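Just so we're on the same page: letters track the sequence lines, and every chain starts at 1. What you are looking at is a predicted structure, and each value in this text was computed from that prediction instead of being measured.
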Amino acid sequence: MPELPEVETVRAGLSRLIVGKQIAAVDFDWPKSFPNTKADVDTFLISAKIMAVTRRAKVLLVELSSEYSLVIHLKMTGQLVFRGKNIEFGAGHPSDSLIGPLPDKSTRVTLQFTDGSTLFFNDQRKFGWIRLLPTVEVLNLAFFQKVGPEPLASDFTWQLMKDRLLRRKNTNIKAALLDQSVVAGVGNIYADESLWGARIHPATMVRDLSDSKFKELHKSIQAILRLSIEKGGSSSHTYVNAEGKKGSYMNFASVFRREGEPCPRCGMTIIKTRVAGRGTHICPSCQRV
DNA sequence: CACTTGACCTGTCCGC
DNA sequence: TGCGGACAGGTCAAGT
């Protein structure tokens, strides 16, 4: 599900909702969703306080007072939903939440805080996970060793983006954008939206892009990621924020899941095709190979 | 080595 | 209505 804007929205929500709270109990029903030893959980998670919630690429980092961290990847369908202490466990739910009483069928991990509030990790497809690791070891994970630069960082220039993309010069630009070792945080939605913004066909080989196209793409990626964060991310399927609410970016999407609708720029009918093994949305007039 | 494809899972939708 | 297959926002391992 979540790409950079969705994970950033969840991060901001959790930062506001759970920092300072102390963990009282942990429950899980699917070991792959929570592959940690009982000893580590008892020693470094139970009784720990939440110090900070940060993000790198599509990964959330929850720093604990025990000098351990929870490393969380939501993958396709993961959700982190907070419920306050006034919500009776398993009973009612806030009227403004779009998901029902928790835990539910998709709940994989439950973190109970000492004040009676709860954080639920729901994940329909079970691809996501929460790992408990010493904070100093987090950046040694293979993923963090190879992950590319943050596209909204101030030092992410178009030249840097070009250099990173040219590591994959013999593949198409969509596959290169989805490669997290090239640029962090872009997934299927924002790859399609950014390529439409820069008028680049997703099947274009990276080696064939001109400097002016790299510049347009750089500008497009940043503008679209910023807009989506401002709108609370995209909710076309299972995504919700930490309060169980949807983001509104899909209302602003130009091509993603808009096949059959007119291109907002030229009016040509948007089509859906397949590039890099993923469903891909383009305007066949604005975006040519 | 660079690149592509299958696997991990559950749920939904679409055609027969 | 039932059933099979394709597909869904991600990332690895294994294949070519």
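Rounded to an integer number of Å, the gap from A:Trp129 CH2 to B:dA7 C1' is 17 Å. A:Arg257 has its CZ atom 12 Å from the C1' atom of B:dC13, to the nearest Å. Look at CZ on A:Arg55: it is 16 Å from C1' on C:dG10, rounded to the nearest Å. If you measure from atom CE of A:Met205 to atom C1' of B:dC3, you get 10 Å, rounded to the nearest angstrom. Taking atom CG on A:Asn188 and atom P on C:dT11, their separation rounds to 11 Å, with Å as the unit. Protein atom CZ of A:Phe127 is 11 Å distant from nucleotide atom P of C:dG10, rounded to whole Å. Distance, A:Asn172 CG to B:dC3 C1': 10 Å, rounded to whole Å. Taking atom CZ of residue A:Arg168 and atom P of nucleotide C:dT11, one finds them 14 Å apart after rounding to whole Å.
As the counterpart of B:dC9, no nucleotide is assigned, since no Watson-Crick or G-U wobble pattern has both distances under 3.5 Å.
Centroid-to-centroid, the aromatic rings of A:Tyr249 and A:Tyr190 come within less than 6.0 Å.
Taking side-chain N and O atoms only, A:Arg207 has no distance below 4.0 Å to OP1 or OP2 of B:dC3. At B:dC8, none of the side-chain N or O atoms of A:Lys126 fall inside 4.0 Å of OP1 or OP2 (strictly under the cut-off). In terms of phosphate contacts, A:His73 brings no side-chain nitrogen or oxygen within less than 4.0 Å of OP1 or OP2 of C:dG10. For C:dA8, the OP1/OP2 oxygens have a side-chain nitrogen or oxygen of A:Lys272 closer than 4.0 Å. Applying the 4.0 Å criterion to OP1 and OP2 of B:dA2, one finds that A:Lys169 has every side-chain N and O outside that range.
The side chain of A:Arg278 approaches C:dG10 more closely than any other nucleotide in the set B:dG11, C:dG10, B:dC3. Of the candidates C:dC7, B:dC3, C:dT11, C:dT11 carries the atom nearest the A:Lys58 side chain, counting heavy atoms from C-beta on. Proximity note for A:Lys146 (side chain, C-beta onward) versus C:dA8, C:dC12, B:dG11: the nearest is C:dC12. If you check B:dT10, C:dC7, B:dT4 against the side chain of A:Gln124, the one that comes closest is B:dT10. Among the nucleotides C:dT11, B:dT4, B:dA2, the one closest to any side-chain atom of A:Asn170 is B:dA2. Of all nucleotides listed (C:dA8, B:dG11, B:dC8), B:dG11 comes nearest to the side chain of A:Lys105. Proximity note for A:Thr171 (side chain, C-beta onward) versus C:dT11, B:dT10, B:dT4: the nearest is B:dT4.
Defined by atom type and a distance below 3.5 Å, a donor-acceptor pair is missing between the side-chain atoms of A:Thr135 and A:Glu67.
Residue A:Gly277 is classed as having no contact, given no heavy-atom separation below 4.0 Å to the nucleic acid. When heavy atoms are screened at a 4.0 angstrom cut-off, A:Tyr190 is found touching no nucleic acid atom at all. Within 4.0 Å (heavy atoms only), A:Ser234 reaches at least one base atom of the nucleic acid. Backbone-only engagement by A:Gly279 is indicated by non-hydrogen atom pairs under 4.0 Å involving sugar-phosphate atoms exclusively. Counting non-hydrogen atoms under 4.0 angstrom, A:Arg108 reaches nothing in the nucleic acid.
Taking atom P in both C:dT11 and B:dC1, the straight-line distance is 23 Å, to the nearest Å. Across C:dA6 and B:dG6, the matching P atoms stand 12 Å from one another, rounded to whole Å.
With values rounded to the nearest 0.5 angstrom, A:Lys213 atom NZ is found 11.5 Å from A:Ile173 atom CD1. How far CG of A:Asp208 is from CG of A:Asn172: 11.0 Å, rounded to the nearest 0.5 Å. In this structure, CH2 on A:Trp196 lies 15.5 Å from CZ on A:Phe256, to the nearest 0.5 angstrom.
A 4.5 Å side-chain heavy-atom check between A:Leu102 and A:Thr118 finds every atom pair outside the cut-off.
For A:Arg56, the CZ atom counts as densely surrounded, since its 6.0 Å shell holds more than 12 non-hydrogen atoms of other residues, nucleotides or ligands.
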